[in-house]
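Remarks on the structure that follows.
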Amino acid sequence: MSFQIKKQSTKYDVCIVGSGAGGGMAAKLLADAGFKIALLEAGPDFDPANKEQRTQLRWPWESPRRGAATTRPFGDFDMAYGGWELEGEPYTQNGNTEFAWFRSRMLGGRTNHWGRISLRFGPLDFKRKDFDGKGDNWPIGYEDVKPYYDKVDKLIGVFGTKENLPNEPDGFFLPPPKPRLHELYIKKGANQAGVPMIPSRLSILTRPVNKERGACFFCNQCSRSCMAYADFSSSSVLVKPAVKTGNVDLYVNAMVREVLTNGEGEATGVSYIDKDDLRDYEIKAKVVILAASACSSARILLNSKSAQHPNGLANSSGVVGKYLHDSTGSSRMGFIPQLVDRERYNEDGVGGMHLYTPWWLNDSKDLGFTRGYHIEYWGGMSMPAYGFGFNTQALKEITGDTSRNAYGTGLKKDVKKFYGATFGMAGRGESIPRKENYCEIDSNTVDKYGIPVLKFNYTWSDEEVKQARHMQDTFEEVMHNMGAVPLGDKPGKETNYGLENPGKIIHEVGTTRMGKDSKNSVVNEFNQAHDVPNLFVMDGGPFVSQADKNPTWTILALAWRATDYLTEQLKKGNV
Amino acid sequence: MDRRESLKALVLGGVGSSLFLSSCVTDKKSPIVEGDIIEEKEGYGRTPAEEKRDEDLYSKTFFSKEEMATISILADIIIPEDEESVSATEAGVPEFIEFIVKDIPEHQIPMRGGLMWINRESNKHFEAAFNEISKENQMEIIDNMAYPRAFEENSPGPVFFRNIRNLVVTGYFTSEPGFKYLDYRGNTPNVWDGVPAYVLEKHGMKYDEGFLKVAMDPATRNEVMDWNNYEV
Ligand SMILES: Cc1cc2nc3c(=O)[nH]c(=O)nc-3n(C[C@H](O)[C@H](O)[C@H](O)COP(=O)(O)OP(=O)(O)OC[C@H]3O[C@@H](n4cnc5c(N)ncnc54)[C@H](O)[C@@H]3O)c2cc1C
Ligand code: SF4
């Protein structure tokens, strides 16, 4: 093997690293504007309509393991090439940290299987410090991002209802699907407890937004990515049309190692490893956009060391990798006796819940924690896969049914009878970003490409634990009101009330946070590095705080805002 | 029905087909055409690495012939044939168990150990291997495992029985005959228009009037959204 570095002769206007939410958005807009783009993606090409890759509408018996999660963490049919662990690409932990890092290596990144929950941050979410004195305010407010949320709604599509709730801004909503039966039951119990339940807001086309994408045909499988392109995946919705313009050169299986710089401290391009021939290549561009996901982009910056940038690129503040934070999560399962032996019909609906609970206690100051959470729900007659029917006996005991069908026709009937009667609730909350929670380079460990890996340092504070306790109390109250039976033991203090390890909710953001002051932030309000004007970060890294709203709609809106700014700068010749 | 046939049925099977096509195709350039579904080749969307892993597992054999015979006997006792549906072996459950223990190796020792335990019981009481004793004697061993006395609940027999029962049940209900018996209706293109009225009524539920005014309308669902008179 020769170790000579291959240099591309083309000089691009913009080089984009990563094809997920942020990278896809930047590629689409810049390609439409006529710029020459190199889009680099560490994973393989992907198209949900490609027969060889398609998992949508497959039956469990098509998989010899019946969809078990042996090779894909969310099961055989889930559309993520990746997971918590990637072969040959480790990460390490400091002390008692148990951070879980989910990476999806493919065109479109994690947007191929994400939950499509598409919530805007509200006015309060950008200014939480004003309210509780903790963390930091964003340098921008809702009014700065609103026009971009509007544009994202119209370009990509999201269903929902106008509710006029404080801090849960309405948008351009496609019509929502009607609730499922278990959702109506939950709503009854929730409303009695003073907990609202409103139509969910998911980026799924209940009506088309253009002629290129079809309408949803209600298969409940958005996590498998939609061959009709009726859900938002960056691969099919953004990258595909971007490439079609002819302005994008797509490099797949291209693992970016570092950003290259010149003597003046400007970015000149990136160096990457082609995973097929394991050689090093260089791409030259006037502007570099990192959108490799919050932690991957931080890793690239920290690995881009030079004499001018001894702490890594864009890191004169020392803040790259700091303020890493994920959403909190805690959940509980239950059983609805009224749904035993239920009528059969196709209950699939869209690929996600039809109703959800937005945070409803913004004005409370006496909860013992200051940031809110929303509640997600699942249940109904979903498609059986590996694990279905396990421990049916235990369910029966809960109902007080003492007939002991340990085997035989009786057991078979029991399984049928209990189908579709279980459900679950999951709280997803805001945590308070702290400098002490961070990722850094572990200089003792490299991945199989020889690139130094990330080491995580992360602990929850009392705020998050108390929030999880509140979630559990709410779940029980709602279940009690609706006549449901909570399953298993209520998670208590010894398990932090079921609070998931950081990273598990897969909303990790904050590692290149934005701010006005270059001493304590990495990028400005337009996602542009303070230290390096022709370098941008357009994933979740620039988040100052991750509201209880899932991050992707805001990643998209901010990427659009940043791209508008960048386009102007490019036209003026400033970068 | 093989997979090819079932896919054909998906497209040609009445309601599903027309809805499917009209729902996905908003113009000629739509990514879906009927042929895509019908002409499907083998495979279930694996990456090259996953495909290789599957092949490796298929090329290995874990259970002996005798063990497979015992698994089949147990499977059909756990899920027998009856007037409504076929038995576990007919639904391919033993083959599924052979695959899953290779795929999830944590199952291997408990399964093999459990089968050994059964043979030991059988030899102790009936002086022959489990596969060779009478049906009545087999049932005696199984009943001791399936309905243990309280103090024996966590002894090897009952624990093994619960494990293999989980695998048999899950293997059965994720098979095609299992779906038929369960009367599963999903995984088919359709237009969701809410819970059927008679079901709602039976459960004493109804949809909120105000919500119905803005809910997805099957009549216009294929029309490109027009934002002209939309106000946020
Ligand atoms: C199961 C699941 C459910 C989720 N549900 C929701 C939800 O309902 N709502 C919501 O808002 N969010 C949800 N999320 C989170 C959402 O997926 C992410 O917020 C979003 O995808 C982040 O976009 P991104 O562009 O920052 O990164 P990603 O989507 O992760 O894309 C990054 C891309 O960069 C590539 N890359 C990484 N490193 C390199 C490198 N060195 N060189 C080249 N390329 C590189 C990766 O391969 C990847 O394709 C969910 C996530 C998961 C896993
Ligand atoms: S639920 Fe709708 S949008 Fe989601 S994958 Fe199925 S058809 Fe596509």
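Please read all numbers here as calculations on a predicted model, not as lab measurements. Here is how names work: the chains are called A, B, and so on, in the same order as the sequence lines, proteins then strands, and each is numbered from 1.
- The backbone N or O of B/Thr174 sits nowhere less than 3.5 Å from a side-chain atom of A/Tyr386 that would complete a donor-acceptor pair.
- For chain A, the nearby part of B/Lys202 is the side chain; its heavy atoms alone come within less than 4.5 Å.
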field: Chi angles and distances behind the side chain to side chain contact (heavy atoms under 4.5 Å, CB included) call for A/Phe218, B/Arg221
entry: CA-CA 12 Å; A/Phe218 304 100; B/Arg221 61 184 281 278; 3.9 Å; yes
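- Shortest non-hydrogen contact noted between A/Pro179 and B/Tyr207 is O-OH, 2.5 Å.
- In A/Lys240, the NZ atom is not crowded: 12 or fewer heavy atoms of neighbouring residues, nucleotides or ligands sit closer than 6.0 Å.
- Looking at B/Asp193, both its backbone and its side chain come within 4.5 Å of chain A, counting heavy atoms on both sides.
- Contact of B/Phe99 with chain A is made through the side chain alone, with heavy-atom distances under 4.5 Å.
- The nearest pair of heavy atoms linking A/Lys412 to B/Val86 is NZ-O, 3.4 Å.
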task: Evaluate the criterion side chain to side chain contact (heavy atoms under 4.5 Å, CB included) for residue pair B/Arg53 and A/Thr70; output intermediate values, then yes/no.
output: CA-CA 11 Å; B/Arg53 186 174 178 278; A/Thr70 329; 3.5 Å; yes
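- Using a 4.5 Å cut-off between heavy atoms, B/Glu95 makes no contact with chain A at all.
- Every residue meeting the ring-ring contact (aromatic ring centres under 6.0 Å, His included) condition with B/Tyr184, not counting sequence neighbours, appears here in chain and number order: B/Phe179.
- Contacts between B/Phe173 and chain A at a heavy-atom distance below 4.5 Å involve backbone atoms as well as side-chain atoms.
- Proximity to chain A is limited to the side chain of B/Ile100, based on heavy atoms less than 4.5 angstrom apart.
- Ring geometry, A/Tyr407 versus B/Tyr147: the interplanar angle falls from 30° to 60°, so the pair is classed tilted.
- Side-chain contact between A/Lys178 and B/Leu212 is present, with at least one heavy-atom pair separated by less than 4.5 Å.
- Remark: the backbone N or O of B/Asn187 is paired with a side-chain donor or acceptor of A/Asp348 at under 3.5 angstrom.
- Atom-to-atom distance recorded for B/Leu200:CG and A/Glu343:CD is 10.0 Å, nearest 0.5 angstrom.
- Among residues two or more places apart in sequence or in another chain, the side chain to side chain contact (heavy atoms under 4.5 Å, CB included) test is passed with A/Leu165 by A/Glu163, A/Glu168, A/Ile198, A/Pro358.
- If you measure heavy-atom distances from B/Tyr181 to chain A, the contacts under 4.5 Å come from both the backbone and the side chain.
- Ion pair A/Arg207/B/Asp217 not flagged as a salt bridge, since none of the NZ, NE, NH1 or NH2 atoms sits closer than 4.0 Å to an Asp/Glu carboxylate oxygen.
- In this structure, B/Val195 and A/Glu183 have side chains that are not in contact, with every pair of non-hydrogen atoms separated by 4.5 Å or more.
- A/Pro208 places a side-chain heavy atom less than 4.5 Å from the side chain of B/Val224.
- At distances below 3.5 Å, not a single donor-acceptor pair connects side-chain atoms of B/Asn166 with backbone N or O atoms of A/Gly387.
- For chain A, no part of B/Ser87 is nearby; none of its heavy atoms comes within less than 4.5 Å.
- Counting heavy atoms from C-beta outward, B/Leu182 and A/Phe388 have side chains that approach closer than 4.5 Å.
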message: Is there a side chain to side chain contact (heavy atoms under 4.5 Å, CB included) between A/Trp59 and B/Glu176? Walk through the geometry before answering.
response: CA-CA 8 Å; A/Trp59 301 96; B/Glu176 205 169 351; over 6 Å; no
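- Without hydrogens or angle criteria, B/Thr170 side chain to A/Gly389 main chain gives no donor-acceptor distance under 3.5 Å.
- Under a 4.0 Å N-O distance rule, the pair B/Glu231/A/Lys162 does not qualify as a salt bridge.
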message: Applying side chain to side chain contact (heavy atoms under 4.5 Å, CB included) to B/Arg165 and A/Leu411, what does each step give before you reach the verdict?
response: CA-CA 10 Å; B/Arg165 182 173 61 200; A/Leu411 169 67; 3.8 Å; yes
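- Looking at B/Trp192 and A/Tyr345, their side chains come closer than 4.5 Å, going by heavy atoms from C-beta outward.
- B/Arg162 places no side-chain N or O within donor-acceptor distance of the main-chain N or O of A/Asn391, the cut-off being under 3.5 Å.
- Distance alone, capped at 3.5 Å, is enough to place a donor-acceptor pair between the A/Arg66 side chain and the B/Gly171 backbone.
- Residue B/Glu223 touches chain A through both its backbone and its side chain, counting heavy-atom pairs closer than 4.5 Å.
- The side-chain heavy atoms of B/Met205 and A/Lys187, taken from C-beta on, include no pair separated by under 4.5 Å.
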